[in-house]
Amino acid sequence: MSEDKIQIFIDGVVRYFNHTPDKSVQVGTPYLAEKGKPMALDMTGLIGVSGPDKGCVYFSAPRVLLKHLLLSIGEPDTSEANLVDLVGEVANTIAGNARASLGKEFMISVPVVIEGTPSTLHLPKNSRAYVIPINWKSYTAAVAICLEEN
Amino acid sequence: MQKFGIGKYRNIIVSVALFLLLDASVLLTNFYMSFQISEDATAVNLAGRQRMLSQRIMKSLLETDVSLFNSDARQNALDELQRSVNLFDNTLKAFKNGGVTTDANGFPVQLNPADPGKAQNALNAADEIWRPFLAGIKLLLLQGSNIDNPNFTARLQDAVQYGTANNLELLRLMNELTVALEDKATAKASRLRMIQTVGMSLAILNFLLILFHFLKQLKQSDAIIEQSRQETEEILETVNEGLFLLDEHLTIGQQYSKKLTQIFHREDIAGTSFQSLLKSLISEKDMSTAESFIKLLFKPTVNQKLIGELNPLNEIEIHIADDNGQYQSKFLNFQFSRVVVTGTISHVLATVSDITRQVMLSRDLDNARRQSESQMELLSTIMHANGDLMPMFVRNSVGSLEKINNILKLPSRSHVQHMGKVHQIYALIHGFKGEATSLGLTPFAELAHKFEDQLEALATNENLTGNDFLSLTVLLNQILRQLDAAEKLLERLAKLSQVAAQPEIAEKPDWTHFQNLADDMAQRQGKEVEIVCSGLNDYPLPAELASTVNRLCIQFIRNAISHGIETVQDRMDLQKTPRSEINIHFCRLRSGHWRLTVQDDGAGINTEQIRLKAIQSGLVTEQQSELMSQKQLIALIFSPTLSTQSAADMDAGRGMGMTVIRDLVKDQGGKINVATRAHMGSTFTITLPAATNLATQAA
Amino acid sequence: MQKLMIVDDSNVIRSKIRRSVQSERFKLVASASNGAEAITHFKATKPDVVTMDLTMPNMDGIACIEQLIRLNPDVLILVVSALSDKATGIEALEKGARGFLLKPFTEQDINAALLELTDFLYV
């Protein structure tokens with residue numbers, strides 16, 4: 001997993017937040033998650049990756065951030081359904097960005113939204129996931145990139 | 001082929017011919033018989049006329065007789081008599097012997113002689129009666145019609161008399177003839193009906209035979225067709241490859257194997273083009289190459305055995321969305337071969353197999369090979385380093401790197417916070433680098449060096465953001481992975497050495513590496529150490545015991561040099577010999593237990609320092625520590641969180657050394673005794689159970 | 001006995017093919033190191049079988065095949081090439097070559113390919 005590829009996913013999220021009225025998005029220092037242990041906040045939008053790299057990439061955020069994000073894009077309805085939509089949309093943006101930059105051989109599946117700790121996440125057991133904190137306003141969300149290493 | 005055709009239809013042809021023959025013969029018989037019946041009808045009519053004529057003759061005679069005074073009437077009656085007699089006589093002769101007579105219209109009619117039997121008998125009898133009657137009438141007619149002629153009246157009287165006497169008999173006989181002829185006609189008609197019936201029955205029978213034969217054959221061939229259809233279906237259902245036919249426009253045929261639908265996750269394949277099947281799955285270039293390739297197969301001069309290398313689809317990767325919209329990568333192998341029907345290339349048979357597993361397997365093998373190559377590299381690195389220090393290094397390093405990761409994990413937003421992280425990480429990676437260097441682990445040292453370089457770049461970055469740390473995290477992962485690999489290798493080596501230690505009694509081990517280790521460490525710390533060993537080679541040691549003793553000694557030496565022994569300078573200030581001494585003594589007690597004593601002449605254990613450190617690391621509270629005895633304080637050196645060294649350097653572990661010793665001794669069911677005196681040094685005494693005990697314990 | 005011409009710009013390959021072919025089946029009548037040379041030899045010696053490299057200076061293999069087929073549509077041409085682009089190989093066959101052998105090849109490979117080519121009965 002090269003640095004460039006990880007950067008593409010980070011850029012995807014940053015791009016999404018940069019399209020909100022409050023552009024104060026900040027990337028925290030990336031770190032490694034423990035092997036096989038997914039890092040997860042309240043809600044997670046997950047996209048599966050296949051092709052030369054296999055695994056998953058996900059965006060995870062606390063509810064409060066999502067609610068605030070909804071409000072900031074002019075959506076007063078912060079119902080659970082809308083939060084799910086939002087997380088899915090962010091994941092979609094990441095996927096779209098990756099597709100555009102990484103080309104066809106990088107196959108990305110339709111996003112899946114999971115609440116709570118994604119126990120069903122199929123994290124490759126032999127590699128550590130990269131977690132990139134995304135600070136927005138006073139909240140922190142994260143992008144995790146977990147791809148099998150060859 | 002044609003011969004086969006006739007053979008196949010021979011029975012049918014014979015049956016139809018027989019049917020026609022039967023029909024024709026029935027028709028012919030019918031024709032012949034109806035002709036006969038019409039002849040018989042004529043005969044019956046004529047026989048009936050004879051009856052009538054016999055009466056008319058009689059009537060004419062009687063009329064002649066009563067017309068004595070009417071010459072005209074007499075003449076008429078005589079004429080009538082003449083005609084009737086002639087006709088009767090002719091007809092009678094014709095019936096009897098065969099011949100020509102005249103029918104009602106005056107046309108000649110040919111009659112066959114009547115059959116012997118009833119008809120002929122009646123005719124003979126009639127002839128008998130008729131002949132004298134005819135003679136009499138002829139005589140009468142010769143007399144003219146004059147009543148005055150006495151001959152005439154006499155002849156007339158004779159004829160009337162004979163006629164009256166025999167007329168009824170003649171009528172009866174003629175009637176008999178008629179009946180006989182009628183009977184014959186009836187018999188013929190019924191024979192004809194019978195022939196017709198039999199013929200028709202045979203024809204119907206034949207027709208039924210044909211019908212059943214046909215039906216049976218139809219059914220049989222239907223069954224064969226059905227069976228072969230079913231077999232084809234079964235083959236297509238079960239075959240493990242995608243099979244389909246392509247015509248020269250690259251259109252897919254109507255039948256294909258089920259596997260094809262599974263490979264491409266679609267059902268609507270029949271009649272579509274090959275291009276549409278692979279559209280968006282392979283590159284346009286591959287697609288056009290594939291098209292040209294398949295078209296080559298339709299070119300008869302091209303030798304299909306000699307173009308396999310040009311097949312662009314022999315191992316092609318496709319990414320295809322499955323039924324759940326998840327993308328799957330598959331490796332497919334397409335093989336194409338000609339289908340030749342009667343000398344022309346009708347189709348190309350395409351065979352697709354999913355070779356993902358094989359490809360993955362060979363890639364895994366490649367990976368494994370590459371991995372084992374890098375493992376070999378790592379292995380040679382490890383072998384070059386001191387084998388016993390390696391596990392320690394790995395453990396320490398993983399600890400340091402995890403600390404680095406934990407630092408990265410801390411939330412940080414400001415430039416100051418980021419910079420703080422850079423500095424903290426720097427200290428840790430530097431320590432790691434030192435250890436790697438001291439152990440001669442060049443690949444690790446190089447990675448650490450690269451890490452330091454990147455840190456330095458971050459340190460000078462005035463617009464430092466979290467994102468800038470990414471390359472550091474990637475490198476961190478890389479080092480951790482290398483350490484993982486090293487750890488696995490060491491585990492395997494440990495297992496191997498256990499296996500290798502199978503002969504219970506090992507060769508006398510060589511302990512000179514203690515001095516090497518000590519020299520190496522001491523030199524870095526400005527110290528001088530002499531290792532004095534005794535007793536280690538006095539006993540044949542079981543391999544496991546030797547390994548335990550070795551590991552204990554290494555840890556004691558490391559610990560003594562890092563914590564106990566003073567620098568050359570300090571020792572000189574203290575009036576001690578500049579070169580310190582570590583005494584290792586090993587012996588077997590009378591109880592059978594083993595005793596290992598490690599004695600150094602260093603500074604001794606500073607219990608006050610232990611106390612402070614223990615408080616600092618939260619091991620005990622200040623109050624607790626004040627209540628602790630010297631012995632209790634000394635025991636604290638075995639706890640994993642304590643290190644009396646103020647800063648972690650490359651030789652001192654983070655207090656792990658004594659913990660390792662404690663764990664080793666505990667594992668063996670042994671005991672540790674510590675004696676220490678300030679400026680005089682420390683003595684560690686380990687007692688290990690006898691080997692036999694070990695064995696029983698193990699069992 | 002069939003007449004063989006070898007066309008390849010590498011004399012190593014030429015001599016390898018020469019050494020490999022069965023002498024009782026093929027009689028080497030010409031060797032050429034480029035397309036133009038091949039045309040000249042072809043006209044003079046009228047070979048039945050030609051092994052043809054694709055990338056050569058002074059008229060490449062594809063153009064050469066086109067010309068040879070024009071001179072004799074029945075000539076059996078075996079393309080012997082180490083191509084990275086399969087489309088070029090296919091083009092050679094479209095122009096009239098009959099078979100393709102990938103370099104590097106063994107002695108058995110070239111022999112088997114030539115026998116397959118000459119013994120092949122068209123459908």
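Numbers restart at 1 for each chain; the letters A, B, ... are given by sequence-line order, proteins then strands. Quick note: numbers below take in every heavy atom, side chains included, and nothing from hydrogens, waters or symmetry partners.
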Please determine whether side chain to side chain donor-acceptor pair (under 3.5 Å) holds for the pair B:Asn467 and A:Gln7, giving the CA-CA distance in whole Å, both sets of side-chain angles, and the decisive distance to 0.1 Å.
CA-CA 8 Å; B:Asn467 206 154; A:Gln7 191 62 51; 2.9 Å; yes
Among residues two or more places apart or on two chains, list those pairs meeting salt bridge (Lys or Arg N to Asp or Glu O under 4.0 Å) that have a residue in residues 58-72 of chain A.
A:Arg63-A:Glu80, A:Arg63-A:Glu115
Please determine, among B:Leu470, B:Asp366, B:Asn406, the option with the most heavy-atom pairs under 4.5 Å with chain A.
B:Leu470
Please tell me if the side chains of A:Thr29 and B:Lys421 come closer than 4.5 Å, counting only heavy atoms from C-beta onward.
yes
Are any side-chain N or O atoms of B:Asn405 and backbone N or O atoms of A:Leu32, one a donor and one an acceptor, separated by less than 3.5 Å?
yes
Is it the case that over 12 heavy atoms from other parts of the model lie below 6.0 angstrom from the NZ atom of A:Lys137?
yes
Do other residues, nucleotides or ligands put more than 12 heavy atoms under 6.0 Å from B:Arg357 CZ?
no
Any side-chain to backbone donor/acceptor pair from B:Thr473 onto A:Pro30? Under 3.5 Å, distance only.
yes
Decide side chain to side chain contact (heavy atoms under 4.5 Å, CB included) for B:Asp484 and A:Arg128; before the verdict, give the C-alpha distance in whole Å, the side-chain angles of both, and the deciding distance to 0.1 Å.
CA-CA 11 Å; B:Asp484 287 349; A:Arg128 299 173 178 83; 3.1 Å; yes
Can you check whether B:Leu476 reaches A:Tyr31 side chain to side chain, under 4.5 Å on heavy atoms?
no
Can you tell me if A:Arg15 has over 12 outside heavy atoms packed within less than 6.0 Å of its CZ?
no
Segment of A:Ile10 engaging chain B (4.5 angstrom heavy-atom cut-off):
side chain
Using side-chain heavy atoms (C-beta onward) and a distance below 4.5 Å, is A:Val131 in contact with B:Lys409?
no
Members of residues 410-420 of chain B whose heavy atoms come closer than 4.5 Å to chain A:
B:Leu410, B:Ser412, B:Arg413, B:His418
